[in-house]
Protein chains: 2
Amino acid sequence: MKSPNPQRRSLVEELSRRGVRLTGQRKILAETIQSAEGHLDAASLLELARKRDKGINRATVYRTLELLKELRLIDELDLMHLNGEKHFYEAKTTVDHVHLACFQCGRIEEYTSPLFERLKAEIERAKQFHIRLVRLEIGGRCSRCCAKAQSCAECAEEECCKAAPVKPPAA
Amino acid sequence: MKSPNPQRRSLVEELSRRGVRLTGQRKILAETIQSAEGHLDAASLLELARKRDKGINRATVYRTLELLKELRLIDELDLMHLNGEKHFYEAKTTVDHVHLACFQCGRIEEYTSPLFERLKAEIERAKQFHIRLVRLEIGGRCSRCCAKAQSCAECAEEECCKAAPVKPPAA
DNA sequence: TTTCCAGTTGCGAATACGTCGCAACTAAGT
DNA sequence: ACTTAGTTGCGACGTATTCGCAACTGGAAA
Ligand SMILES: [Mn+2]
Ligand SMILES: [Mn+2]
Ligand SMILES: [Zn+2]
Ligand SMILES: [Zn+2]
């Protein structure tokens, strides 16, 4: 579940570079997001941040997430609302990635593709739309859960998910 | 803001075809969603449905949305949470479409592309992931708002959105 | 260094959105 | 018509997020 691409600068560096006031809370929150292995929701972020500063408040977490979103240093995700309506956050990576959420086991996978980049470029051209951020989220059944399923009874009026052979992405 | 592709059957037809109990409320809600010009949130759907049956309850709206989602007759959208955390709903179309939300004017545009279809196919193959539903949402500035902007001062450390010439999508 | 203040924080109450349990109701099969 | 499993209305509840305001503080200026 780790990001497929490294960030150029740390979130904290990026904040000071942009003249944002660097409070203790912001440093802790930014570093916590950056070093998290997965995708954090606001509550988990608060919990982790409190290990470093017991006093950090929930409102500050939300305000900081808003700030980082605005500055496009983090992305906000739904992850298919597999469990409640909360949102998840991750430090932006150098190249956008797709999120795949398995409805059966809840695992989240990530995927990048030149085809995704081409699609974005096409949209900008065709619609003359200036893209600021992109979210491609997919729900379904992961390979592991597909393999476990004996038949495709769960697939409901649809061709089996085990049919396709593995093949490397072609741009 | 209307769907770019027609549905094969009406939602109500689809419900009875699948042996779902057809209550008055479900008929009204399904028809309301289908005939809506835009993307409805739960509150708007309730309001519209109440024009036909004053008694319809909020809980029924949420339960029906859940049902229609499960049956994959509607899609759920965030539309970039331009205004609150609510979700939006629309009848599924024959081919998936991208949603483009303008942060400046709030307009929602839709877009389909063979490239999008190719990307989905690639993901299914490469990750052996059985896709059940897809949500590609993009936030940025629409062509109208790009045209209105004198300079790209708002674009913030980024190339201007007016640079690219119009070109038809190439699959 | 010390001063200063715009910007930030903690707090608790408020809001927004969605969910639940349960008794009353109804679609649809017999 | 009878029956009953599934559905609804209702109001209370839960969870995620926001807000107003007084106290605090980063960092620029003196
Ligand atoms: Mn990710
Ligand atoms: Mn959402
Ligand atoms: Zn799985
Ligand atoms: Zn616009």
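The shown structure was predicted, so the numbers you read here are calculated from the model rather than taken from an experiment. Labels below follow one simple rule: chain letters A, B, ... track the order of the sequence lines, proteins then strands, and each chain is numbered from 1. Scope of the values below: all heavy atoms of this structure, side chains included, with no hydrogens, waters or symmetry mates.
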S.K.: Given the structure, check if the side chain of B:R58 and the base of C:dG18 hold any donor-acceptor pair shorter than 3.5 Å.
M.R.: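 For B:R58, whose side chain was compared with the base of C:dG18, there is a donor-acceptor pair (under 3.5 Å).
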
S.K.: Figure out the CG/C1' separation between A:L46 and D:dT15, and round it to whole Å.
M.R.: 14 Å

S.K.: Any salt bridge between A:E14 and A:R18, counting N to O under 4.0 Å?
M.R.: yes

S.K.: Name the closest nucleotide to the B:R63 side chain, picking from C:dG7, D:dA16, D:dT8.
M.R.: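 From the listed options, D:dT8 comes nearest.
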
S.K.: Under 30°, 30 to 60°, or over 60°: which ring-plane class applies to B:H87 and B:H81, parallel, tilted or perpendicular?
M.R.: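 Rings of B:H87 and B:H81: tilted, 30 to 60°.
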
S.K.: Base, sugar-phosphate, or nothing: which does A:G24 touch, judged by heavy atoms less than 4.0 Å apart?
M.R.: nothing

S.K.: Could you tell me whether A:D78 and A:R135 make a salt bridge, using a distance below 4.0 angstrom between a side-chain N and a carboxylate O?
M.R.: yes

S.K.: With the side chain of B:E85 defined as its heavy atoms from C-beta on, choose the nearest nucleotide among D:dT8, C:dG18, D:dT17.
M.R.: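 Among the listed nucleotides, the one closest to the side chain of B:E85 is D:dT17.
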
S.K.: Can a side chain N or O of A:T23 be found less than 4.0 Å away from OP1 or OP2 on C:dT9?
M.R.: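 Answer yes for this pair, as a side-chain N or O of A:T23 is under 4.0 Å from OP1 or OP2.
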
S.K.: How many Å lie between CG on B:D41 and P on C:dC17, as a whole number?
M.R.: 7 Å

S.K.: Specify the residue among B:R21 and B:R50 whose closest nucleotide of DNA chain D lies further upstream toward the 5′ end.
M.R.: B:R21

S.K.: Using a cut-off of less than 4.0 Å, is there contact between a side-chain N or O of A:Y62 and OP1 or OP2 of D:dT17?
M.R.: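 For D:dT17, OP1 or OP2 has a side-chain N or O of A:Y62 closer than 4.0 Å.
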
S.K.: Are any of B:T60's side-chain N or O atoms less than 4.0 Å away from OP1 or OP2 of D:dT8?
M.R.: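 For B:T60, the contact criterion (side-chain N or O under 4.0 Å from OP1 or OP2 of D:dT8) is not met.
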
S.K.: Side chain of A:N57: nearest nucleotide among C:dG10, D:dG6, C:dG18?
M.R.: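 Minimum distance to the A:N57 side chain belongs to C:dG10.
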
S.K.: Is the closest basic N to carboxylate O distance between B:R125 and B:E122 below 4.0 Å?
M.R.: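 No, this pair does not count.
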
